[in-house]
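What follows is one structure encoded as structure tokens, with my remarks underneath.
Because only heavy atoms are used, hydrogens play no part in the values below, and waters and symmetry mates are left out as well, while side chains stay in. Each residue takes its place number in the sequence, starting with 1.
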Amino acid sequence: MAVNSDALSDPARLRALRQTGLDTGGGTDEALERFARLVRDVLDVPVALVSLVAHDRQFFPGAAGLPAPSDRLRQRPLSHSPCRHVVERGQPVVLSDIRLDTEIPDEQPVGGLGIVAYAGMPLTDLEGRTLGALAAVDGRPREWTSAELTTLADLAAACSSELRLRITLDQAEAARRRAEEAHAQLSMLADLTETLVGTLDIEDALARLAAAVVPRLADWCVVNIVGPRGTLRHVASAHHDPRRAEDVSRFSTLMRSQLDQSAITRTVLRTGQPVLDRNAELRGMRNRTLGPEMPELAARMGYASHVTVPITAPVRGTVLGTISLVKGADREAFTDADVRTALDIGRRAGLAVDNTRMYGEQRHVAEVLQQSLLTDLPTSPHLELHARYQPAASGAEVGGDWYDAFVQPDGDLIATIGDAAGHDIEAAAAMGQLRNLIRGNAYGRSDRVGELMAHLDATIRGLRIPKPATAILARVHHNGGVRQLSWTNAGHPPPMVLRADGEVEVLHRQPESLLGLTWGATRRTTHETVLEPGATLLLYTDGLVERRGSHLDDGIAELRDRLRAAAELPTGELCDALLRQADSREDDIALLAIRTTQP
């Protein structure tokens with residue numbers, strides 16, 4: 001009779017055995033107990049067994065008539081096991097007297113179960129693999145009749161159906177869990193995508209990524225981006241246990257200097273291929289790091305399974321960094337499906353990192369363009385000028401804010417501030433056009449500033465400059481020891497004057513239309529006031545006073561109070577203080593301060 005000695009250790013058979021959900025440690029099962037009692041009663045034998053055979057033992061979830069101590073232990077080693085031969089042969093084993101069978105060792109009683117006569121029918125799974133035997137045992141020699149063997153085979157078929165049902169239920173439950181895990185991972189990926197596109201700051205993006213995958217996919221993780229020379233430039237980390245926050249932060253910091261060339265992170269950076277270790281050992285980490293601290297930290301945080309995947313640029317395919325996911329011993333090891341999910345996360349992270357880099361490059365170009373269009377301030381007797389420009393902290397591009405000042409041939413100072421609509425390079429370019437038009441339109445002319453602005457309206461219409469803009473055009477005129485301020489306002493936030501006595505006057509006047517939004521001949525109003533010695537004129541763009549969800553008048557009132565509180569500061573320090581106190585960076589900020597001195 002053919003014997004398959006590999007059947008006992010067949011992974012598929014052992015997997016099916018686990019899927020029955022039966023306890024290998026000596027437990028009983030009521031349904032299988034009934035099968036054993038039926039065999040004992042119908043075949044009139046002293047002992048009946050539902051015997052399932054693992055790779056190293058047999059166990060009896062159903063039994064009737066077992067002698068002590070087997071009735072309590074419910075498991076035996078495979079030595080002297082006739083049921084083992086049922087599994088290896090995949091066929092019934094029927095023995096009238098086991099002592100006369102040459103394939104069974106001559107030891108009485110076999111395995112301490114008092115077996116002399118034995119009849120065992122295979123118990124099979126859905127694929128026909130033999131999981132064990134439904135066995136009838138007698139302590140005396142016995143000739144089994146064909147009717148008895150047919151009955152035993154029928155009962156074994158029914159018992160196999162019970163086992164198959166349990167396997168099917170287990171598979172259905174496993175499929176349900178996989179579906180839930182797949183849904184959870186898809187949900188995580190969707191959340192992650194939304195999280196990553198919500199920022200254009202690379203440090204923030206990596207921190208969000210680390211927080212998104214812990215603890216849903218790993219107990220802790222480290223994310224890093226490399227620079228042009230392969231050094232770690234940006235590192236983020238997260239641990240599911242807040243008490244380990246310092247440990248994982250320290251671990252990620254040490255990655256910058258303590259990784260050997262054979263370290264997994266460096267291997268993934270070189271090859272672009274993921275590395276999975278389902279049974280991670282600290283010994284391996286000790287061999288790949290330059291000091292004892294990283295393995296010690298890993299031991300405290302939990303280190304039993306890990307996977308490291310590349311962060312790849314979506315178009316070029318270059319490796320930008322790595323994501324390392326780690327689980328402790330109390331969680332199931334990473335699977336191939338987890339690796340595929342992690343690779344997907346790496347690709348999404350690569351898209352986010354690439355976007356932030358492109359954004360940074362474009363922003364740098366726009367800032368250089370805008371800074372190139374912001375001129376140096378002139379010097380003027382008895383006038384002190386200071387200006388500041390601060391781009392928004394967020395947003396795709398810089399905007400069209402500008403300031404300018406120049407001295408006329410007659411000694412008057414022309415000052416202007418404005419904001420071209422939009423937040424892109426086009427807005428910055430339009431700002432440059434408007435600033436140059438104002439210069440060309442006003443230089444050398446003694447017209448009132450309202451007339452200069454009206455002429456500028458006509459020029460914008462004639463040249464068809466598409467971007468509307470707010471603007472203030474002001475002139476500081478020296479007249480017999482008195483400095484006269486005249487200004488006109490095209491839809492811009494009102495100027496402020498910090499008087500020498502510390503009071504602040506907001507120069508509110510009837511608002512007039514924006515530059516570029518007038519049709520036909522336009523009249524602009526010229527307003528006037530006196531700037532006494534020590535007074536400070538403040539021109540600013542709306543980024544200094546606008547707040548999301550607040551009215552513009554509230555922001556202007558707050559700026560008036562801040563200006564009053566900073567009255568004693570030198571002009572340059574006053575400008576810096578106003579920028580620091582701006583609690584929002586949602587828009588660009590430009591400001592120009594002009595302080596009169598003693599004549």
Ring pair (Phe, Tyr, Trp, His ring centres under 6.0 Å) filter on H306, not counting sequence neighbours, yields Y303

Just to verify, what does R256 make a side chain to side chain donor-acceptor pair (under 3.5 Å) with, not counting sequence neighbours?
none

Can you list everything that forms a side-chain contact (heavy atoms from CB on, under 4.5 Å) with A566? Sequence neighbours excluded, please.
L569, L574

Any side-chain to backbone donor/acceptor pair from R475 onto D447? Under 3.5 Å, distance only.
yes

Set of salt bridge (charged side-chain N to carboxylate O under 4.0 Å, His left out) partners for R270, sequence neighbours left out
none

Derivation and outcome, side chain to side chain donor-acceptor pair (under 3.5 Å), residues T525 and Q510
CA-CA 9 Å; T525 306; Q510 182 67 31; over 6 Å; no

State, yes or no, whether a side-chain contact exists between T541 and I417 at a heavy-atom distance under 4.5 Å.
yes

About how many Å separate OG1 of T322 and CG of N224, when rounded to the nearest 0.5 Å?
3.5 Å

P274 and P310: which non-hydrogen atoms are nearest, and at how many Å?
N-CD, 4.2 Å

For E384, the salt bridge (charged side-chain N to carboxylate O under 4.0 Å, His left out) test, sequence neighbours excluded, returns none

I'd like to know if R208 pairs up with D204 as an ion pair, taking the criterion as any Lys NZ or Arg NE/NH1/NH2 lying under 4.0 Å from an Asp or Glu carboxylate oxygen.
yes

Quick one: do R340 and D344 make a salt bridge, cutoff under 4.0 Å?
no

Please list, chain by chain and in numerical order, all residues satisfying side chain to side chain donor-acceptor pair (under 3.5 Å) with T488, sequence neighbours excluded.
none

When you compare the side chain of T265 with that of V222, does any pair of heavy atoms fall below 4.5 Å?
no

How would you list, by chain and number, every residue that makes a side chain to side chain donor-acceptor pair (under 3.5 Å) with Q484, sequence neighbours excluded?
none

Assess whether a salt bridge exists between D247 and R250, defined as any Lys/Arg side-chain N lying under 4.0 Å from an Asp/Glu carboxylate O.
no

Excluding sequence neighbours, so at least two apart, what forms ring pair (Phe, Tyr, Trp, His ring centres under 6.0 Å) with H508?
none

Any salt bridge linking E451 with R445? Criterion: basic side-chain nitrogen under 4.0 Å from a carboxylate oxygen.
no

Residues 522-549 vs ring-ring contact (aromatic ring centres under 6.0 Å, His included), sequence neighbours excluded, gives W487-H527

Ring pair (Phe, Tyr, Trp, His ring centres under 6.0 Å) partners of F251, counting only residues at least two apart:
W220

Treating T536 as the side-chain partner and R595 as the backbone partner, does any N or O pair qualify as donor plus acceptor under 3.5 Å?
no

Across all chains, not counting sequence neighbours, the side chain to side chain donor-acceptor pair (under 3.5 Å) partners of D553 are none

Count the heavy atoms belonging to other residues, nucleotides or ligands that lie under 6.0 Å from CD of E246, then report whether that count exceeds 12.
no

Take R243 and D241, measure what salt bridge (Lys or Arg N to Asp or Glu O under 4.0 Å) needs, and give me the verdict at the end.
CA-CA 5 Å; R243 295 172 299 178; D241 187 348; 2.9 Å; yes

Which residues pass the salt bridge (charged side-chain N to carboxylate O under 4.0 Å, His left out) test with E296, not counting sequence neighbours?
none

Between atom CD1 of I472 and atom OG1 of T416, what is the distance when rounded to the nearest 0.5 Å?
8.0 Å

